Asker: 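Before I ask anything, let me first share the structure, which is written out below as structure tokens.
Values reported hereafter were calculated over all heavy atoms of this structure, with side chains retained and with hydrogens, waters and symmetry mates removed. Computed from a predicted structure; not experimentally measured. Within every chain, numbering begins at 1; the chains are lettered A, B, ... in the order of the sequence lines, protein sequences first and strands thereafter.
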There are 2 protein chains.
Amino acid sequence: MFSKACEYGIKATLFIAHRSEKNQRVSLKSITEAINSPEAFTAKILQKLARNKIVHSSKGPGGGFRIEKDEIDQITLSDIVIAIDGDQIYTSCGLGMEECSEEAPCPAHEKFKPIKESLRITLESTNLKELMEDINKGLTFLK
Amino acid sequence: MFSKACEYGIKATLFIAHRSEKNQRVSLKSITEAINSPEAFTAKILQKLARNKIVHSSKGPGGGFRIEKDEIDQITLSDIVIAIDGDQIYTSCGLGMEECSEEAPCPAHEKFKPIKESLRITLESTNLKELMEDINKGLTFLK
DNA sequence: CCAATAAAGGACAAAATTGTCCGAATAATA
DNA sequence: TATTATTCGGACAATTTTGTCCTTTATTGG
């Protein structure tokens, strides 16, 4: 469904949010340990998220990543996916046709439409806070 | 959503079904022209579909691909996707976690579940025949 | 049997994605 | 100011996916 980059990005963001709520910055290393991801690759993804202002980074000793506390319930899965993979997940044709549109649809267009729509709604309506709560309760896991 | 291989596979199968209904075999070349796909790559995909008995192939002059007429309404999008990409689209974790399960789910597990389920239902309940009908009516397009 | 036609399939090539390495930039602190 | 910790970012490498080429195999018809 998503690229590896996106998967790591979502998990990393969740972990950062989790710690940010306790006013802690997190280092790249602690992120990759928490989510079990390759370090340098994860660094690239975090750079992208930082450029998109989803996470905030600071260099130097004691530095690392964090998310503004009051943004944790504002950031959605959709924000992360779009920052990393772009919006093709919403816009691209299910059968890969360049010119697929309502006027000249691919054979599966109407079949895929409700699925893509419910995916969009789910991603846009799911924020970091609610996902974090289940992590805090030990109901869900990052690795 | 799907791999390129899968996208070509679905379109190729639809085109073959379309012609098979008129009792015509179709050559690789005519398929790639109809669906606008790379010839040799499409050949590999058709080989896979043939090994999975979704299409039937014959060599030599007048040869080509066809689908049994009475199977056109039995073959589903799910059959094609599974033949080409396997069943990971149903089974794999949305966040790429190896050990994601009901007992130890990833943070997005419950969010993705209904989407994956509706995708499964859609793919399993959509057969070639109904998709072909819209192609025949000029309502949908293969390229 | 021979020639022509078409798919099968192995080997290779290109492109995209994923992943690594390492020096530069930046910030804290002693 | 020197040292250390940390992200940034460029260059590269490995892997996977996509795509190509060419020989072999099978089938048909003359």
Asker: Can any side-chain N or O of B:Lys143 pair as donor or acceptor with the backbone N or O of B:Glu33 at less than 3.5 Å?
Answerer: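 Indeed, once roles are kept as given, a pair shorter than 3.5 Å links the two residues.
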Asker: Of all the nucleotides listed (D:dT20, D:dT6, C:dG9), which has the minimum atom distance to the side chain of B:Pro38?
Answerer: D:dT20
Asker: If you check the B:Ala40 side chain, which of D:dT20, C:dT18, D:dT7 turns out closest?
Answerer: D:dT20
Asker: Could you give the distance from NZ (A:Lys111) to CG (B:Leu77), rounded to the nearest 0.5 Å?
Answerer: 8.5 Å
Asker: Send over the distance from A:Ile16 CD1 to D:dT6 P, rounded to a whole Å.
Answerer: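 Spelled out: CD1 on A:Ile16 to P on D:dT6 is 15 Å.
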Asker: State, to 0.1 Å, how close B:Ile89 and B:Lys116 come at their nearest heavy-atom pair, and which atoms those are.
Answerer: O-CE, 3.6 Å
Asker: What is the distance, rounded to the nearest whole Å, between atom CD1 of B:Ile84 and atom P of D:dG19?
Answerer: 13 Å
Asker: Hey, could you give me the CD/CD distance between A:Glu130 and B:Glu110, rounded to the nearest 0.5 Å?
Answerer: 12.0 Å
Asker: Would you jot down, in residue-number order, the residues of residues 48-69 of chain B having a non-hydrogen atom under 4.0 Å from DNA chain C?
Answerer: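 Heavy-atom contacts with DNA chain C come from B:Arg51, B:Ser57, B:Ser58, B:Lys59, B:Gly60, B:Pro61, B:Gly64, B:Phe65.
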Asker: OP1 or OP2 of C:dG19 less than 4.0 angstrom from a side-chain nitrogen or oxygen of A:Tyr8, does that happen here?
Answerer: yes
Asker: Given D:dG19, D:dT7, C:dT20, identify the nucleotide with an atom nearest to the side chain of A:Lys44.
Answerer: C:dT20
Asker: Quick one: does any side-chain atom of B:Asn52 pair with a main-chain N or O of B:Ile54 as donor and acceptor, under 3.5 Å?
Answerer: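 A pair under 3.5 Å: no.
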Asker: When you compare the side chains of B:Thr32 and B:Thr42, does any donor N or O come within less than 3.5 Å of an acceptor on the partner?
Answerer: no
